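All values derive from a computational prediction rather than experimental measurement. Order of the sequence lines fixes the chain letters, A, B, ..., with proteins taken first and strands second; residue numbering starts at 1 for each chain. The figures here come from the full heavy-atom set of this structure, side chains too, leaving out hydrogens, waters and symmetry mates.
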Protein chains: 2
Amino acid sequence: MPGRVDDMLDQLRSAGRRVTAQRRAVLQALARLGCAQDVEAIHARARRIHPRVGLVTVYRTLEALVGEGVAQRVVLGDDRTRYELGQEHGHHHHLVCLSCGSVQRLDECHLESKRAGRRHGFTVTAHRLELLGYCAKCGVPA
Amino acid sequence: MPGRVDDMLDQLRSAGRRVTAQRRAVLQALARLGCAQDVEAIHARARRIHPRVGLVTVYRTLEALVGEGVAQRVVLGDDRTRYELGQEHGHHHHLVCLSCGSVQRLDECHLESKRAGRRHGFTVTAHRLELLGYCAKCGVPA
DNA sequence: CCTGAAAATGAAAATCGTTTTCAATATGCC
DNA sequence: GGCATATTGAAAACGATTTTCATTTTCAGG
């Protein structure tokens with residue numbers, strides 16, 4: 001994904017935000033890491049690309065990217081906020097291993113829950129689904 | 001649910017835990033409040049039942065209840081941990097209003113995602129599903 | 001290219017929810 | 001009742017995240 005990052009930077013620029021080396025680094029870090037990474041991991045990766053990037057900037061940049069629709073927050077139930085590139089399109093969920101904590105992407109999404117919500121007078125505009133269990137490597141504990 | 005709380009207290013007692021006025025208050029607060037309440041709300045309600053209950057005790061009691069399978073943690077994506085009575089049986093999800101933050105219970109759960117996980121070498125033992133949108137009272141913003 | 005207004009950065013301090021420490025208190029088996 | 005042990009509460013510690021503020025950087029305009 002070489003041009004993809006540049007496209008996103010252009011998108012930021014057209015939105016009136018400024019493109020800095022730090023933001024480029026965070027964006028590249030996100031592009032290279034898998035999905036649902038925590039801020040610490042993103043910071044570490046970004047630092048390898050551009051050493052001059054502080055943790056605070058990573059937090060701020062991630063929020064800016066979410067605001068621009070370029071990245072999204074992922075809530076998995078542990079104490080840290082995670083982020084990944086992509087939005088509605090490319091919508092997917094996660095398989096979270098209860099043993100090793102690994103997270104893998106699940107691209108399927110068969111959910112006709114809009115109807116369920118509507119039955120309650122509720123308009124469903126998004127949903128969050130996490131499947132918990134044990135990954136192939138860990139196996140189910142005795 | 002008068003006897004329900006007592007049953008749960010008995011369950012605690014048989015598990016070697018001690019039953020105190022504070023725990024009774026927290027349990028009653030949970031029984032009277034709706035689902036997915038945050039610790040502050042539970043604390044406030046518990047205090048109305050027994051003024052002598054500290055926030056720390058609420059945290060500890062809630063974890064004890066989770067450990068005993070009497071209560072469960074609910075993760076909705078905001079910054080606070082929520083709790084509610086009940087476990088696997090009585091399994092349900094939530095309709096979370098993006099406007100007012102209200103949470104209502106959704107008792108349906110048609111999810112045949114075990115298969116999806118298995119296809120990835122993953123054994124799904126639980127899942128978490130939250131539907132986000134707008135409740136009847138708020139309506140969808142323009 | 002310069003220039004300056006506005007945005008972005010970083011380090012330190014502030015927040016905020018939650019957890020731990022520790023001395024004092026309460027529970028419940030004997 | 002008495003004692004071993006669990007529980008409590010206040011204060012301090014914690015860890016993730018946010019804010020403050022002085023300094024640096026971007027980039028639109030001349």
inquiry  = Using a strict threshold of under 4.0 Å (side-chain N to carboxylate O), is an ion pair present between A/Glu84 and A/Arg73?
reply    = no
ask   = Taking 4.0 angstrom as the limit, do A/Asp7 and A/Arg4 come out as a salt bridge?
value =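 A/Arg4 and A/Asp7: not salt-bridged.
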State, with a plain yes or no, whether a side-chain heavy atom of [X] is found less than 4.5 Å away from one of [Y].
X: B/Ile42; Y: B/Leu62; value: yes
X: B/Leu76; Y: A/Val75; value: no
X: B/Arg80; Y: B/Glu40; value: yes
X: B/Val70; Y: B/Leu30; value: no

Can you tell me the distance, in whole Å, between the [atom1] atom of [X] and the [atom2] atom of [N]?
X: B/Leu9; N: C/dT27; atom1: CG; atom2: P; result: 13 Å
X: B/His50; N: D/dT8; atom1: NE2; atom2: P; result: 9 Å
X: B/Asp10; N: C/dT27; atom1: CG; atom2: P; result: 16 Å
X: B/Glu40; N: C/dC16; atom1: CD; atom2: P; result: 11 Å
X: B/Ile42; N: C/dG17; atom1: CD1; atom2: P; result: 14 Å
X: B/Leu12; N: C/dG28; atom1: CG; atom2: P; result: 11 Å
X: A/Leu27; N: C/dA8; atom1: CG; atom2: C1'; result: 16 Å
X: B/Leu76; N: C/dG17; atom1: CG; atom2: P; result: 16 Å

key: Trace of the side-chain contact (heavy atoms from CB on, under 4.5 Å) decision for A/Thr81 with A/Val74   = CA-CA 7 Å; A/Thr81 305; A/Val74 177; over 6 Å; no
request  = Report yes or no: do B/Val19 and B/Val53 belong to one cluster of Ile/Leu/Val/Met/Phe/Trp/Tyr joined by side chain heavy-atom distances under 4.5 Å?
outcome  =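 Yes; tracing contacts between hydrophobic side chains, which count when under 4.5 Å, links both residues.
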task = For residues 20-34 of chain B, pull every pair meeting side chain to side chain donor-acceptor pair (under 3.5 Å), keeping only residues two or more places apart or in separate chains.
result =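 Output for this query is empty, none listed.
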query = What string of B, S and - do you get for nucleotides 25-30 of chain D 5' to 3' if you count protein non-hydrogen atoms under 4.0 Å?
reply = -BS---
remark   = B/S/- along nucleotides 19-24 of chain C (protein heavy atoms under 4.0 Å) is BBB---
Can a side chain N or O of [X] be found less than 4.0 Å away from OP1 or OP2 on [N]?
X: B/Gln22; N: D/dG9; answer: yes
X: A/Thr81; N: D/dT17; answer: yes
X: B/Thr57; N: D/dT7; answer: no

key: Upstream residue (5' side of DNA chain D) when B/Arg23 and B/Arg47 are each assigned their closest nucleotide   =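 Here B/Arg23 is the residue nearer the 5' end.
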request  = Output the single nucleotide from C/dT18, D/dT17, C/dT9 whose closest atom is nearest the side chain of B/Arg80.
outcome  = C/dT18
